[in-house]
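As C-alpha cells, the structure follows; a few thoughts come after it.
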Amino acid sequence: ALERTLSIIKPDAVAKNVIGEIYSRFEKAGLKVIAARMTQLSRKEAEGFYAVHRERPFFNALVEFMISGPVMIQVLEGDGAIAKNRELMGATNPKEAAAGTIRADFADSIDANAVHGSDAAETAAVEIAYFFASTDVHAR
Ligand code: CMP
C-alpha cells in the first residue's frame with residue numbers, strides 16, 4: 001500500500017555531508033521526498049518528538065545529541081514506505097546493522113546513528129504532523 005513515513009537525517013550525518021547520499025538511497029528504492037526541512041531542533045521539540053522514550057535511561061543523551069547540530073527532516077512516500085525505509089536504515093545499533101545499510105555505512109554509535117525512521121503507520125502519522133503542516137506535504 002502507498003504509505004508515508006517520517007525520516008530524520010541526524011546531526012552526525014548532516015555533519016558528514018551525506019544528505020545527498022542518503023536521499024539517493026531513498027530515491028533508488030522508490031521512495032519520494034514529498035516534504036523536507038532543515039532545522040536545528042530546540043530542546044522542547046526534541047523532548048516532545050521522543051516523548052515515548054522519556055523514561056528510558058538513554059533519553060537525556062538522545063535529546064542532547066539531537067539538538068547538537070542541524071537535522072534534515074523529510075516525509076517519504078512510496079509503496080510500503082515504512083518498512084522500506086527501515087530496511088534502508090538497518091538496525092538501530094550500527095554494530096548490528098547489515099552491510100550496505102545507511103547505519104552500517106554512516107553511523108558511529110547507537111545515539112549518533114545517522115537516521116531516524118517511523119516504526120509503524122500510527123507513529124508515522126503522529127511524527128509527520130509533529131513537523132509538517134499538511135499544506136507543506138506535496139503528494140505527487
Ligand atoms: P531513533 O530511531 O531515532 O529512536 C530513538 C533513538 O534512541 C534511537 O534511534 C537511538 O538513536 C537512541 N537510542 C540510544 N540508546 C538506545 C537503546 N538502547 N535502544 C533504542 N534506542 C536507543
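What you see below is based on every heavy atom in this structure, not just the backbone, and it leaves out hydrogens, waters and symmetry mates. Read the numbers this way: they start at 1 and go in the same order the structure lists the ligands and their atoms. All values derive from a computational prediction rather than experimental measurement.
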In this structure, CE of Met89 is separated from CZ of Arg25 (nearest 0.5 Å) by 13.0 Å

Who's closest to [atom] heavy-atom-wise, of [options]?
{"atom": "atom 16 (C) of ligand 1", "options": "Phe58, Phe59, Phe49", "value": "Phe58"}
{"atom": "atom 10 (C) of ligand 1", "options": "Val63, Ile110, Val52", "value": "Ile110"}
{"atom": "atom 8 (C) of ligand 1", "options": "Asn93, Asp111, Thr92", "value": "Thr92"}
{"atom": "atom 9 (O) of ligand 1", "options": "Lys10, Met66, Arg86", "value": "Lys10"}

Look at atom 2 (O) of ligand 1 and say which protein heavy atom is nearest, naming residue and atom and giving the distance to 0.1 Å.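 Sorting protein heavy atoms by distance from atom 2 (O) of ligand 1 puts His116 ND1, 3.1 Å first.
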
Give the C-alpha distance, both sets of side-chain angles, the deciding distance and a yes or no for side chain to side chain donor-acceptor pair (under 3.5 Å) between Glu45 and Tyr130. CA-CA 9 Å; Glu45 280 178 307; Tyr130 191 80; over 6 Å; no

Going by the order shown, which atoms of ligand 1 are within less than 4.0 Å of some heavy atom of Arg103?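 By the 4.0 Å cutoff, the relevant atoms are 2 (O).
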
Per-atom contacts, ligand 1 versus Tyr50 - under 4.0 Å to a heavy atom: 1 (P), 3 (O), 4 (O), 5 (C)

Close N or O approach (Val115, ligand 1; < 3.5 Å):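 N/O-N/O distance under 3.5 Å: no.
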
Between Arg43 and Glu64, does any side-chain N to carboxylate O distance fall below 4.0 Å? yes

Flag the pair Lys10 and Asp108 as a salt bridge only when some basic side-chain nitrogen lies within less than 4.0 angstrom of an acidic carboxylate oxygen. no

With a 4.5 Å limit on heavy-atom distance, are the side chains of Asp79 and Glu3 in contact?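 Side-chain contact under 4.5 Å: no.
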
Could you check whether Arg37 makes a cation-pi contact with Phe131, meaning its NZ or CZ is under 6.0 Å from the centre of the six-membered ring and within 45° of the ring axis?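 Geometry flag: not set, cation outside 6.0 Å or 45°.
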
